[in-house]
Amino acid sequence: MKHIIEAQRAFFNTNHTKPVEFRRAQLETLKSLIQRNETALEEAIDADYGKGRFNTFITELYVVYDEIDVALRQLPDWTRHRPVATDLLNSPGQSYIVPEPLGVSLVIGPWNYPYQLTLTPIVAAIAAGCTVVLKPSELTPHSSGLIARLLREAFDPRFLAVVEGGIPETTALLAEKFDVIFFTGSVPVGKIVYQAAAKHLTPVILELGGKSPAIVEADARLDVAVRRLVWAKFLNAGQTCIAPDYLCVHRSVERQVLDRIAEELARIGYDVASGNYARIVDRRNAARIVGLIEPDKVLLGGEHDVDARIIVPTVVRADWDDAVMQEEIFGPVLPVLVYDTIDDVVDRIKARPKPLALYLFTESEAIKDKVLTEVSFGGGCINDALMHVANGDLPFGGVGDSGTGSYHREAGFRAFSHFKSVLDRPFVDDPDLKYPPHTEEKLAMLKAVTGMTSAAADEAGAGHAR
Ligand code: NAD
């Protein structure tokens, strides 16, 4: 690992990664690599947890293609020097901001979207002009192994290298000095990464998880709301960082919401064999999720086969103190809580760690305004769920416990860049003002030039003038 990182640092220092044309060429290479191997990529993810071709395309490959295409188009704009105004004190002169790549980056991926969540940060790193060491998840060996093989075949390891492995390998990588670390994964591991980065003062982007609430107000159009919520919750069998973790329903519409969820689940008929539903990633996680289901609280579903890693879509009645409400579920179990006033539910959410996402279903402008003003969360939707992630122009990330920093499109470019502030002056005109001796006249003039003239300074200035 030391050798890989040293080789990348040496390569970065040759400035090869900096020209826009080099970055473009690498992005084109990545795009054609994915295009040529789409079928193999779909098969690998199916071998890992039966995701299905349609879902693999829309939630993994499409997102990466989109990020690459936008970066290819926007790179000249993102990389340009950005002029800002120059103050009178520094005139004549120009001021501008120069984006520069941070350097050697480490990208650590989770297993739940094994292509999107490794390749999208890589696109951002390439666009910014960084080199990359990727550490994909060990829990999806087919997809991670294929990504590793393909990237090794297509890229010079001095520019883009893959280190496979689990905790020991990641721990060893984290002991090394990188110029930026991009981590996607759980909150506890995020803390480990943050601490390791702090030892080297390495900046981090932490894309973490947590419990993302959905709120259905009494005035919501329940048919549309439930359809969107059910899709968002059970996509990837609930193994989505921004899936609605739990559902808060206004008491007056509880019965209708539950009936509609039952209708929607029956209509779709989620089924691993049909390709519209995924398995749980491994037996340990399947057992963990099943452990969160209290049999006497099950409203819908509940059937499971831990050995086959299948849990059917399950809806449970819940209270804020239940075990299912204490940790991120990350599986196809939807707790439903009933509330009487929006104030109650806002207070409950605010008393918990800041969520990665929040979904509010209402047509009331006052309630939208209240929730957006009072509740801090990474990002989210009004009258939809999950789909904010599909708009690449919305920076994606968490806040507080759900993460730090954001990415996608230009936000991704920014995450792997430093913005260097430069004042650029001609040699002509070097006024005496700042140099000793520091006279009262100079002080008065300085205050005038900087616009900081107070009444006293005016008076003093006037006195000196006399
Ligand atoms: P995880 O934290 O267990 O693993 C993520 C990565 O960290 C893996 O590559 C793993 O090998 C490594 N890792 C695990 N334990 C480690 C340790 N002790 N020391 C060093 N490295 C370690 O997460 P996961 O199970 O792969 O993914 C699920 C979690 O990720 C959920 O909490 C989910 O919400 C979150 N997530 C967040 C986003 C986001 O964009 N914010 C996206 C997907 C998943």
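First listed ligand is number 1; within each ligand, the first listed atom is number 1. Position 1 is the first residue of the sequence; numbering continues from there. Atoms considered below: every heavy atom in the structure, side chains included; atoms not considered: hydrogens, waters and symmetry mates.
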[X] vs [Y] aromatic rings, parallel, tilted or perpendicular, using cut-offs 30° and 60°?
X: F182; Y: Y407; value: perpendicular
X: Y270; Y: F234; value: tilted
X: F159; Y: F11; value: perpendicular
X: W111; Y: Y49; value: perpendicular

Under 4.0 Å from a heavy atom of [X]: give me the atoms of ligand 1 that qualify, with their elements.
X: L117; result: 42 (C), 43 (C)
X: T184; result: 5 (C), 37 (C), 38 (C), 39 (C), 40 (O), 42 (C), 43 (C)
X: E138; result: 10 (C), 11 (O)
X: G109; result: 5 (C), 6 (C), 8 (C), 9 (O)
X: N112; result: 43 (C), 44 (C)
X: I167; result: 15 (N), 16 (C), 17 (C), 18 (N), 19 (N)
X: K135; result: 8 (C), 9 (O), 10 (C), 11 (O)
X: S137; result: 9 (O)

Checking a contact table here: which protein heavy atom is nearest [atom], and how many Å away?
atom: atom 27 (O) of ligand 1; result: P110 CB, 3.5 Å
atom: atom 22 (C) of ligand 1; result: V189 CG1, 3.4 Å
atom: atom 2 (O) of ligand 1; result: S186 OG, 2.6 Å
atom: atom 34 (O) of ligand 1; result: E328 OE2, 2.5 Å
atom: atom 7 (O) of ligand 1; result: F183 CE1, 3.4 Å

Got an N/O contact under 3.5 Å between [X] and ligand 1?
X: G185; result: yes
X: L208; result: yes
X: W111; result: yes

Side chain, backbone, both or neither: which applies to [X] and ligand 1 if a contact is any heavy-atom pair less than 4.0 Å apart?
X: L356; result: side chain
X: F396; result: side chain
X: I192; result: side chain

**Q.** Expected output: side-chain H250 to main-chain V338 donor-acceptor under 3.5 Å
**A.** no

Q) What do you reckon, does G398 put a non-hydrogen atom under 4.0 Å from ligand 1? A) no

Q.
I'd like to know whether ligand 1 has G403 as a neighbour, heavy-atom separation below 4.0 Å.
A. no

Would you call [X] and [Y] a side-chain contact if the rule is heavy atoms closer than 4.5 Å?
X: L61; Y: I34; result: yes
X: E100; Y: F419; result: no
X: L106; Y: L134; result: no
X: Y62; Y: E67; result: no

Q) side-chain contact (heavy atoms from CB on, under 4.5 Å) between I289 and V333: does it pass, once the steps are laid out? A) CA-CA 8 Å; I289 298 163; V333 177; 3.6 Å; yes

Q.
Between D223 and R221, does the salt bridge (charged side-chain N to carboxylate O under 4.0 Å, His left out) criterion hold? Intermediate values first, please.
A. CA-CA 6 Å; D223 51 348; R221 263 203 53 190; 3.1 Å; yes

Q.
Tell me if the centroids of the rings in F178 and H200 come within less than 6.0 Å of each other.
A.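 They do not qualify: ring centres at least 6.0 Å apart.
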
Q) Aromatic ring centroids of W320 and Y246 under 6.0 Å? A) yes

Q | Nearest option to atom 36 (N) of ligand 1, as decided by whichever heavy atom of C241, A357, S406, G165 sits closest | A |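 Shortest heavy-atom distance from atom 36 (N) of ligand 1: C241.
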
Q) Is there a protein heavy atom at a distance of less than 4.0 Å from atom 4 (O) of ligand 1? A) no

(Q) Under a plain distance cut-off of 3.5 Å, with no hydrogens placed, do S212 and D245 share a side-chain donor-acceptor pair? (A) no

